[in-house]
Amino acid sequence: MARVKNTRFTKRIVYGNIASPLSQKKCAKTKDSTHKWTVFVRGVNGEDISHFIKKVEFGLHETFSTPKRVVEGPPFEISETGWGEFELSIILYFVPESGEKPITLYHDLRLHPHADDGLMFSSNVSKTVSSFQYEELIFIDPFKEMYQILADNDRTSILPARSTASQPFSVQAEQEEIKAIEEAYRQVQEYLTNYKQRMDNATKEMEQIKAELESLMHT
Ligand code: SLL
């Protein structure tokens with residue numbers, strides 16, 4: 001099978017979970033469970049990705065009755081109830097036309113607000129928490145058949161201009177991150193200049209003391 005040379009397609013996906021606490025009544029019904037959660041993989045614009053993803057295998061914690069959950073079609077997601085956070089594996093199987101091997105992603109299932117997301121001290125305890133990750137899947141010189149599939153569904157390649165509450169990844173977010181990195185770089189440079197100045201001063205002072213000492217010794 002021939003490959004289409006010098007071509008590259010980028011598919012942008014989001015994976016992660018949302019979770020919310022169960023009401024007291026529901027907690028009682030579901031034994032130990034305290035939260036309901038949904039883990040998912042989808043396009044960066046929430047679009048269908050089944051033209052290039054054949055199935056997704058979610059690997060849950062072994063405390064679940066059937067930890068291996070295979071989703072054969074869209075939406076690629078699993079909803080469960082549980083009591084604890086754990087690391088999920090998410091194996092993406094590509095359509096056979098791609099000739100690509102499956103890839104494994106990992107996601108820390110998040111049930112509780114964490115200190116760094118600003119939700120920790122929120123008074124609204126029933127708040128939904130979410131934890132999303134962004135990934136770019138790049139197909140280089142795809143097989144002809146796969147090229148056609150990718151070209152026909154190019155929409156998955158578009159990073160949205162602005163972020164929303166349910167989709168934090170965007171051109172805007174990317175630019176803000178670049179700005180923050182540049183600012184951090186500038187600060188590091190400033191510190192370095194400062195320290196170098198202090199070191200130069202200290203060296204000078206030391207030389208002065210040394211000279212003074214020497215002149216004292218010779219008197
Ligand atoms: C913890 N290391 O101790 C983690 C493990 C496992 C969570 C968390 C099972 C639910 C069910 C469940 O929520 N397991 O069996 O229905 O926090």
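Heavy atoms only: backbone and side chains are in, while hydrogens, waters and symmetry mates are out. In listed order, ligands and their atoms are each counted from 1. None of the values given here were measured: they were computed from a predicted structure.
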(request) State yes or no: are the ring centers of Tyr15 and Tyr106 separated by less than 6.0 Å? (result) no

(request) Considering heavy atoms of the protein only, find what lies nearest to atom 5 (C) of ligand 1 and give residue, atom and distance to 0.1 Å. (result) His61 NE2, 3.5 Å

(request) Give the residue, atom name and distance (to 0.1 Å) of the protein heavy atom nearest atom 15 (O) of ligand 1. (result) Thr63 O, 3.1 Å

(message) Heavy-atom distances under 4.0 Å decide this one: backbone, side chain, both or neither, for Glu85 against ligand 1?
(response) backbone

(message) Both conditions, 6.0 Å and 45 degrees, for the charged tip of Lys54 above the ring of Tyr93: are they met here?
(response) no

(message) As an exercise, identify every atom of ligand 1 less than 4.0 angstrom from a heavy atom of Gly82.
(response) 10 (C), 13 (O)

(request) Assess whether side-chain contact (heavy atoms from CB on, under 4.5 Å) is satisfied between Val41 and Ile49, documenting all intermediate values. (result) CA-CA 9 Å; Val41 184; Ile49 51 172; 3.9 Å; yes

(message) If I apply the N/O under 3.5 Å rule, does Trp83 come out as touching ligand 1?
(response) yes

(request) Can you pull out the closest protein heavy atom to atom 16 (O) of ligand 1? Residue, atom name and distance to 0.1 Å, please. (result) Thr81 O, 3.8 Å

(message) Between Phe139 and Tyr147, is the ring centroid distance below 6.0 Å?
(response) no

(request) Please determine which of Glu135, Glu136, Glu47, Glu174 meets the salt bridge (Lys or Arg N to Asp or Glu O under 4.0 Å) test together with Arg12. (result) Glu136

